[in-house]
Colleague: 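Input: one structure, supplied below.
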Amino acid sequence: MTTSERGRVFGEVAEDYHRIRPGYPAGLPAELLALAGPGPVLEVGAGTGKATAAFAALGADLTCLEPDPRMAGVLRRTVPGVPVIESTFESWTPDRAYRLLISAQAWHWVDPGRRNTLAHAALAPGGLLAPFWNIFVLTDRALHADLTEVDARHGLSGEKSPHSLFAGDVPAEPGDFQEDWPTLALPPDLFTGPRTLRYRTERTYTPDEYRTHLQSVSLYRTMSPTDAEAAITDTLTTIARHSPTITFLTYTDVALARRR
């Protein structure tokens with residue numbers, strides 16, 4: 001399964017995705033809009049509107065790209081009135097110069113060989129590129145160790161399940177941009193001033209909520225149904241031995257750079 005194909009599996013559970021996936025810190029949209037300055041905003045991989053709604057509520061002039069019609073259908077319902085184009089970023093031609101380009105949990109699904117030049121073409125000079133992600137980390141060392149064993153039993157070691165990181169694995173503060181974001185590979189002739197913004201929140205799931213969350217994750221959706229169910233059930237059984245719920249410290253990291 002290609003990266004692009006793996007990015008489309010969320011549409012199969014679009015309603016659950018919208019219901020169970022976390023949103024983003026309240027201050028993030030306002031800060032990005034202030035940093036970018038007045039002008040239109042492009043959202044790449046808008047999904048069901050988890051980020052879109054917050055930017056729209058602040059009056060952003062949004063254009064949303066979402067290739068999956070099932071995700072786009074939920075987006076149109078949850079954020080009515082925002083233009084939604086059912087297209088990949090790679091297949092779309094910019095209609096104007098954008099001041100801000102955001103991508104929530106979706107930038108890694110865009111062709112890494114093309115996304116920087118595509119972003120440069122879509123942004124106005126001085127425009128802000130700002131993809132962002134939620135990163136879940138566990139603070140309970142014993143639970144993390146047990147869940148690491150669960151992942152290993154089901155062949156998921158190194159696959160970045162939502163519970164694969166311990167708080168000690170992630171620096172408390174963002175570090176050097178190139179070291180933190182090696183896969184972004186932002187060319188210095190296209191972008192300048194790279195830096196990271198980080199927000200911190202907490203997220204607690206009941207067992208049913210975490211089951212639904214895992215069922216919406218591409219790692220599990222690309223497994224056979226039998227294998228996915230076995231891995232998820234083992235995960236929930238292990239969590240139950242520690243606590244009735246599972247709580248994550250959530251970092252929301254934004255990779256910022258300005259178009260030259």
Side-chain angles (χ1 to χ4, degrees), residues 3 7 23-47 49-66 82-83 85 87-135 170-201 250-260:
T3 297
Y24 300 94
L28 183 153
E31 184 164 8
L32 293 188
L33 290 171
L35 288 170
V41 178
L42 175 66
E43 183 174 9
V44 174
K50 299 296 290 187
T52 316
F55 281 86
L58 295 176
D61 178 10
L62 280 160
T63 296
C64 296
L65 302 182
E66 173 48 51
V82 171
I85 301 169
S87 174
T88 63
F89 193 26
E90 297 90 332
S91 300
W92 176 75
T93 301
D95 57 341
R96 50 183 170 164
Y98 289 84
R99 192 65 192 170
L100 173 63
L101 190 161
I102 61 172
S103 184
Q105 301 284 134
W107 196 239
H108 52 294
W109 301 123
V110 182
D111 181 353
R114 299 181 59 198
R115 62 191 177 196
N116 289 325
T117 54
L118 292 171
H120 186 269
L123 285 165
L128 192 64
L129 173 65
F132 50 93
W133 292 265
N134 285 327
I135 302 166
V170 181
E173 298 296 333
D176 176 78
F177 187 92
Q178 300 301 334
E179 293 180 5
D180 283 350
W181 304 102
T183 60
L184 293 187
L186 294 178
D189 59 325
L190 299 183
F191 295 95
T192 186
R195 64 189 181 98
T196 303
L197 292 180
R198 171 169 289 174
Y199 302 82
R200 294 171 181 81
T201 53
T250 306
Y251 293 132
T252 302
D253 281 0
V254 188
L256 293 177
R258 291 204 180 268
R259 180 208 192 272
R260 286 191 181 276

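Starting from 1, each residue takes its place in the sequence as its number. Only heavy atoms go into these numbers, but all of them, side chains included; no hydrogens, no water, no symmetry mates. The structure displayed is predicted, hence computed values, not measured ones.
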Colleague: Looking only at non-hydrogen atoms, find the nearest pair between Ala130 and Val254 and report the distance.
Modeller: CB-CG1, 4.0 Å

Colleague: Under the salt bridge (charged side-chain N to carboxylate O under 4.0 Å, His left out) rule, collect the residues that match up with Arg198, sequence neighbours excluded.
Modeller: Asp253

Colleague: Can you tell me how far CG of Leu184 sits from CG of Leu129, rounded to the nearest 0.5 angstrom?
Modeller: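 Those atoms lie 8.0 Å apart.
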
Colleague: Please round to the nearest 0.5 Å and tell me the distance separating atom CD of Gln105 and atom OH of Tyr24.
Modeller: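 Interatomic distance, Gln105 CD to Tyr24 OH, rounded to 0.5 Å: 4.0 Å.
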
Colleague: Where do Val41 and Tyr98 come nearest, in terms of heavy atoms and distance?
Modeller: C-CD2, 3.5 Å

Colleague: Which residues satisfy the side-chain hydrogen bond (donor to acceptor under 3.5 Å, both in side chains) test with Trp92, sequence neighbours excluded?
Modeller: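 If we apply the side-chain hydrogen bond (donor to acceptor under 3.5 Å, both in side chains) test to Trp92, skipping adjacent residues, there are no hits.
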
Colleague: Distance-only check: which donor-acceptor pairs under 3.5 Å involve side-chain atoms of residues 25-38, not counting sequence neighbours?
Modeller:
from	atom 1	to	atom 2	distance (Å)
Glu31	OE1	Tyr199	OH	2.6

Colleague: What residues, two or more places apart in sequence or in another chain, satisfy ring pair (Phe, Tyr, Trp, His ring centres under 6.0 Å) together with Phe55?
Modeller: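 In terms of ring pair (Phe, Tyr, Trp, His ring centres under 6.0 Å), with neighbours along the sequence ignored, Phe55 is linked to no residue.
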
Colleague: Determine the minimum heavy-atom distance between Val82 and Cys64, stating which atoms define it.
Modeller: CG1-SG, 3.6 Å

Colleague: Going from CG on Leu256 to CG on Leu197, what distance comes out if it is rounded to the nearest 0.5 angstrom?
Modeller: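 So the CG of Leu256 and the CG of Leu197 are separated by 4.5 Å.
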
Colleague: So do Trp107 and Thr183 actually touch side chain to side chain, heavy atoms under 4.5 Å?
Modeller: no

Colleague: Specify whether His120 and Phe191 have parallel, tilted or perpendicular ring planes, treating 30° as the upper limit for parallel and 60° as the lower limit for perpendicular.
Modeller: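 Perpendicular, since the angle between the ring planes exceeds 60°.
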
Colleague: Which heavy atom of Ala172 sits nearest a heavy atom of Tyr251, and at what distance?
Modeller: CA-OH, 4.3 Å

Colleague: Gln178: which residues meet the side-chain hydrogen bond (donor to acceptor under 3.5 Å, both in side chains) condition with it, sequence neighbours left out?
Modeller: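 Result, side-chain hydrogen bond (donor to acceptor under 3.5 Å, both in side chains) vs Gln178: none returned.
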
Colleague: When you compare the side chain of Pro125 with that of Arg260, does any pair of heavy atoms fall below 4.5 Å?
Modeller: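 SC-SC contact between Arg260 and Pro125 ruled out.
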
Colleague: Does anything in residues 95-110 form a salt bridge (charged side-chain N to carboxylate O under 4.0 Å, His left out)? List the pairs, not counting sequence neighbours.
Modeller: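 Matches after skipping sequence neighbours: Asp61-Arg96.
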
Colleague: Suppose we screen for side chain to side chain contact (heavy atoms under 4.5 Å, CB included). Which residues come up paired with Ala106, at least two apart in sequence or across chains?
Modeller: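 Checked Ala106 against side chain to side chain contact (heavy atoms under 4.5 Å, CB included); matches are Ser103, Trp109.
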
Colleague: Go through the structure and list residues passing salt bridge (charged side-chain N to carboxylate O under 4.0 Å, His left out) with Glu173, not counting sequence neighbours.
Modeller: Arg200

Colleague: Holding to side-chain hydrogen bond (donor to acceptor under 3.5 Å, both in side chains), I want the full list of residues that pass it with Ser87, two or more places apart in sequence or in another chain.
Modeller: none

Colleague: Tell me the side chain to side chain donor-acceptor pair (under 3.5 Å) pairs involving residues 186-195, sequence neighbours left out?
Modeller: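 Passing the test, one end in residues 186-195: no pairs.
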
Colleague: Output every pair passing salt bridge (charged side-chain N to carboxylate O under 4.0 Å, His left out) with a member in residues 101-118, not counting sequence neighbours, ordered by first then second residue.
Modeller: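 Listed once each, the pairs would be none.
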
Colleague: According to side-chain hydrogen bond (donor to acceptor under 3.5 Å, both in side chains), who are the partners of Asn116, at least two apart in sequence or on a separate chain?
Modeller: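 Once residues adjacent in sequence are excluded, Asn116 has no partner under the side-chain hydrogen bond (donor to acceptor under 3.5 Å, both in side chains) criterion.
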
Colleague: Quick one: pull up OG in Ser91 and CD1 in Ile85 and give me the separation to the nearest 0.5 Å.
Modeller: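 Going from the OG atom of Ser91 to the CD1 atom of Ile85 covers 12.0 Å.
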
Colleague: To the nearest 0.5 Å, what is the distance between CH2 on Trp181 and OG1 on Thr196?
Modeller: 5.5 Å

Colleague: At what distance, to the nearest 0.5 angstrom, does CZ of Arg258 lie from CG of Leu128?
Modeller: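 Reported value, rounded in 0.5 Å steps: 5.0 Å.
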
Colleague: Has the side chain of Glu66 got a donor or acceptor atom that lies under 3.5 Å from a matching backbone atom of Gly47?
Modeller: yes

